[in-house]
There are 2 protein chains.
Amino acid sequence: MQKGNKYGLHRVIEPPGTLPQPAWKVDNTPVIYDNEILIDVNVLNITASAFTRIEKEAGKDEEKIKQIILDIISERGKFNDPVTGSGGILIGEVAQIGSALQGKIDLAVGEAIATLVSLSVTPLYVEEITGIDVSKDQVYVKGKAILFESGIYAKLPHDLPEALSVAMLDVAGAPAWMAKIAKAGDIVVVIGTGKAGMLCLHEAKKRAGITGKVIAIDYLKEQCDLVASLGLADIVIQGNATKPLEILEKVSSVTNGRMADVTFNTVDVENTEMATILSTKEHGTIYFFSMSISFTKAALGAESIGKVVNMLVGTGYTEGHADITLQILRENPSLYNYFTKLYQ
Amino acid sequence: MQKGNKYGLHRVIEPPGTLPQPAWKVDNTPVIYDNEILIDVNVLNITASAFTRIEKEAGKDEEKIKQIILDIISERGKFNDPVTGSGGILIGEVAQIGSALQGKIDLAVGEAIATLVSLSVTPLYVEEITGIDVSKDQVYVKGKAILFESGIYAKLPHDLPEALSVAMLDVAGAPAWMAKIAKAGDIVVVIGTGKAGMLCLHEAKKRAGITGKVIAIDYLKEQCDLVASLGLADIVIQGNATKPLEILEKVSSVTNGRMADVTFNTVDVENTEMATILSTKEHGTIYFFSMSISFTKAALGAESIGKVVNMLVGTGYTEGHADITLQILRENPSLYNYFTKLYQ
């Protein structure tokens, strides 16, 4: 076997000298180097932002969606949506472990895993797309992927359905960062109550606890009703996060002007930076977990109203993020039942 | 006088219901509402990113630069570069104070001030551009500006030249955040050693102190020599921040693989996110002070290599940022002399 670089530099084709993630094109030849893991891929779990973007381009036509996805993979050697820049994760079974890794990692051929680095960094070779489930942003494939030495993965747990685990792991970074940031007694606002938002709400209630207050904000009435019925928040607000002043007023009203200590934005819609900033108190912490966030709008937005807040660029990873996120399903039967129906 | 809104909502023309900063167009009529301050504007100090962008579009032709700036202001009612999204700051004298603010603020008609909210949020009416200094990104004008009730400003100090103060205040957020973040004993890396970078280096040396280590990185040899001759860093590295692996190797080498506790990126160039992330140790803090940063590249970049870092969206403001930044000039005679020559 050829000796590979830890970060997968040996796979970068274009432009040379870059890392695999920013690279336009990587080498997806399904023959491993000595420090790589070869995976038989079953499912691609595409990010909501990329899937929504592609669905729009395809006018919701499933065959066109498949073709767009195949084209991206064939052109770039990885699934890395050129418009949104995002990827997703995959599941499969370990097919082969490079000689330099054998005995060093806790993994055996045949084990089911999910890669926890983005698809945007993972060389992927797809023979065919066998199916697609637009309701889950999932694509079923026959193919191979390469995991680099620096890549992270989670073994899929035996006590949870596979599709459910994968869907959760895709957004595992958000609830895990909530677990790190939210403290006892905090007022926590979660804007956007999709999959990531709901998991964040559970963690927020757990960490802020009985002395804290957890506020969920969503644009859709049915989503607000759902969050309320699942008992995920102390207060549920229906509001439009692209209307900062509407959100400011509503959060101010339910917190008596105290505003949030911690605000998580999980909305995949543009122009929600300002509502997030206005919801947060002076010196509070904001975590942006959305690829629709504009760095410039966030930076200049806070400056434009003289507000001092710690605004974190939300990455999809922190230590133990898979454990924290899968544990939520074991702790919260209502959420478990809801997600099981959705991602069975 | 008409009653105005604290955030200047009454000035937003397009689209309605937004705040002045994200608004495409604001009303720049130079007649104040009861809670506004009218300013006789003398100088616009445009952000490096916007000025460079406009200079390029104009092919360095000064008359064309003027025209582009006038066109932006006339179309948007504010100087808010439509490409980079950034603005800058202005200086002038207080011309009139709204009736609702009189007696409530520490300001008198005739006093020289700099506005410390971005030009991208400030209604601006320019009669003419009387001069331009491309070496300072400064535009001399005859005009009026409006400061909202939520707007922040600094009185210009009597012991420092006006042009110098303004040039410094434009980037005051970066050294002030460095003052908050860098702690005794930290290894601090500053990528980019322009105006903001140099001020950050001074603060880093002061806060990290004798037990810390301050590392400056710049692309240009002459800038590296300058930083070394001014004594701003313990170690100066010449390197290209768009080549993450080159920077990783160099920072690793001078820190014996420990990497930085705190990394400030002040480079106005695209694709420097990864070099910044790779320079920083696990659980370190990154402050991105550049409008060229891509939110997606930073988020996915860290995720792609499984690195856990706190990445802050760098705003141009925190409490006392003007005081902290102007104090640097009093504390550091070499830097004072250098900047005085540059911005006299």
Side-chain angles (χ1 to χ4, degrees), chain A residues 6-7 9 17-22 80 84-87 116-118 120-122 148 150-152 173 242-246 248 271 273-274 278 282-283 286 288-319, chain B residues 6-9 17-22 80 84-87 116-118 120-122 148 150-152 173 242-246 248 271 273-274 278 282 286 288-319:
Chain A
K6 179 182 169 185
Y7 295 114
L9 303 176
T18 56
L19 283 146
Q21 199 276 324
N80 185 182
T84 63
S86 71
L116 298 182
V117 282
S118 171
S120 66
V121 70
T122 307
F148 301 133
S150 67
I152 38 174
T242 67
K243 305 270 182 223
L245 301 163
E246 176 189 329
L248 167 65
N271 295 316
E273 296 86 357
M274 209 61 202
L278 284 168
E282 205 72 13
H283 297 127
I286 288 170
F288 285 117
F289 186 72
S290 158
M291 293 302 119
S292 303
I293 294 298
S294 150
F295 187 89
T296 313
K297 284 178 188 166
L300 294 177
E303 190 186 327
S304 73
I305 56 164
K307 172 80 78 116
V308 181
V309 276
N310 297 304
M311 294 189 284
L312 290 165
V313 176
T315 69
Y317 178 63
T318 188
E319 288 93 342
Chain B
K6 179 181 171 187
Y7 295 113
L9 302 177
T18 56
L19 283 146
Q21 199 277 325
N80 185 183
T84 63
S86 71
L116 299 182
V117 280
S118 170
S120 67
V121 70
T122 307
F148 300 132
S150 66
I152 39 175
T242 67
K243 305 269 183 224
L245 301 164
E246 176 188 330
L248 167 66
N271 295 316
E273 297 85 359
M274 209 61 205
L278 284 169
E282 205 72 11
I286 289 170
F288 285 116
F289 186 73
S290 158
M291 293 300 119
S292 302
I293 294 300
S294 150
F295 186 90
T296 312
K297 284 178 188 167
L300 294 177
E303 190 187 327
S304 73
I305 56 164
K307 172 82 78 120
V308 181
V309 278
N310 297 302
M311 295 191 284
L312 291 164
V313 176
T315 69
Y317 177 64
T318 187
E319 288 94 343

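Residue numbering restarts at 1 for every chain, and letters A, B, ... go by the order of the sequence lines. These figures come from a predicted structure and were not determined experimentally.
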J.: If you look at every heavy atom in B:Asn80 and B:Gln21, which pair is closest and at what distance?
T.: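 That would be OD1-O, 3.6 Å.
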J.: When heavy-atom pairs shorter than 4.5 Å are enumerated against chain A, which of B:Leu300, B:Thr242, B:Thr318, B:Thr315 gives the highest number?
T.: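 Greatest number of close heavy-atom pairs with chain A: B:Leu300.
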J.: Quick one: list whatever passes side-chain hydrogen bond (donor to acceptor under 3.5 Å, both in side chains) with A:Ser292, sequence neighbours left out.
T.: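 A:Ser292 satisfies side-chain hydrogen bond (donor to acceptor under 3.5 Å, both in side chains) with A:Asp268 only.
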J.: Looking only at heavy atoms, which two atoms of A:Gly301 and A:Ser304 are closest? And how far apart?
T.: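 Here A:Gly301 and A:Ser304 meet closest at O-OG, 2.7 Å.
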J.: Rounded to the nearest 0.5 Å, what's the gap from OH on B:Tyr317 to NZ on A:Lys307? Could you check?
T.: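 Going from the OH atom of B:Tyr317 to the NZ atom of A:Lys307 covers 12.0 Å.
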J.: Need one label for B:Phe289: side chain, backbone, both or neither, based on atoms under 4.5 Å from any heavy atom in chain A.
T.: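 Neither; nothing under 4.5 Å.
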J.: Among B:Ile152, B:Leu245, B:Thr84, who wins on heavy-atom pairs under 4.5 Å with chain A?
T.: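 Heavy-atom pair counts peak at B:Leu245.
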J.: When only pairs under 4.5 Å are counted, which of B:Val117, B:Ile293, B:Val121 shares the most heavy-atom pairs with chain A?
T.: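 Most heavy-atom pairs within the cutoff with chain A belong to B:Ile293.
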J.: Among B:Glu319, B:Glu273, B:Lys6, which residue forms the greatest number of heavy-atom pairs with chain A at distances under 4.5 Å?
T.: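 The candidate making the most pairs under 4.5 Å is B:Glu319.
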J.: Please look at A:Ser120 and chain B and tell me whether the side chain, the backbone, both or neither of the residue comes under 4.5 angstrom of a heavy atom of that chain.
T.: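 Looking at A:Ser120, just its side chain touches chain B.
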J.: Would you mind reporting whether A:Tyr7 and B:Ile305 have side-chain heavy atoms less than 4.5 Å apart?
T.: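 The answer is yes; the side chains approach within 4.5 Å.
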J.: Which region of A:Met274, side chain (C-beta onward) or backbone (N, CA, C, O), has a non-hydrogen atom less than 4.5 Å from a non-hydrogen atom of chain B, or is it both or neither?
T.: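 Side chain of A:Met274 only, per the 4.5 Å heavy-atom cut-off to chain B.
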J.: Is it the side chain or the backbone of A:Pro22 that comes within 4.5 Å of chain B heavy atoms, both, or neither?
T.: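 A:Pro22 has no heavy atom closer than 4.5 Å to chain B.
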J.: Heavy-atom cut-off 4.5 Å, strictly under: side chain, backbone, both or neither for B:Ile286 against chain A?
T.: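 Contact with chain A involves no heavy atom of B:Ile286 at all.
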J.: What residues, two or more places apart in sequence or in another chain, satisfy side-chain hydrogen bond (donor to acceptor under 3.5 Å, both in side chains) together with A:Lys297?
T.: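 Per chain and number, A:Lys297 pairs via side-chain hydrogen bond (donor to acceptor under 3.5 Å, both in side chains) with A:Asn271.
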J.: How close do A:Phe148 and A:Pro20 get, heavy atom to heavy atom, and via which atoms?
T.: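 A:Phe148 and A:Pro20 have their closest heavy atoms at CE1-CG, 3.6 Å.
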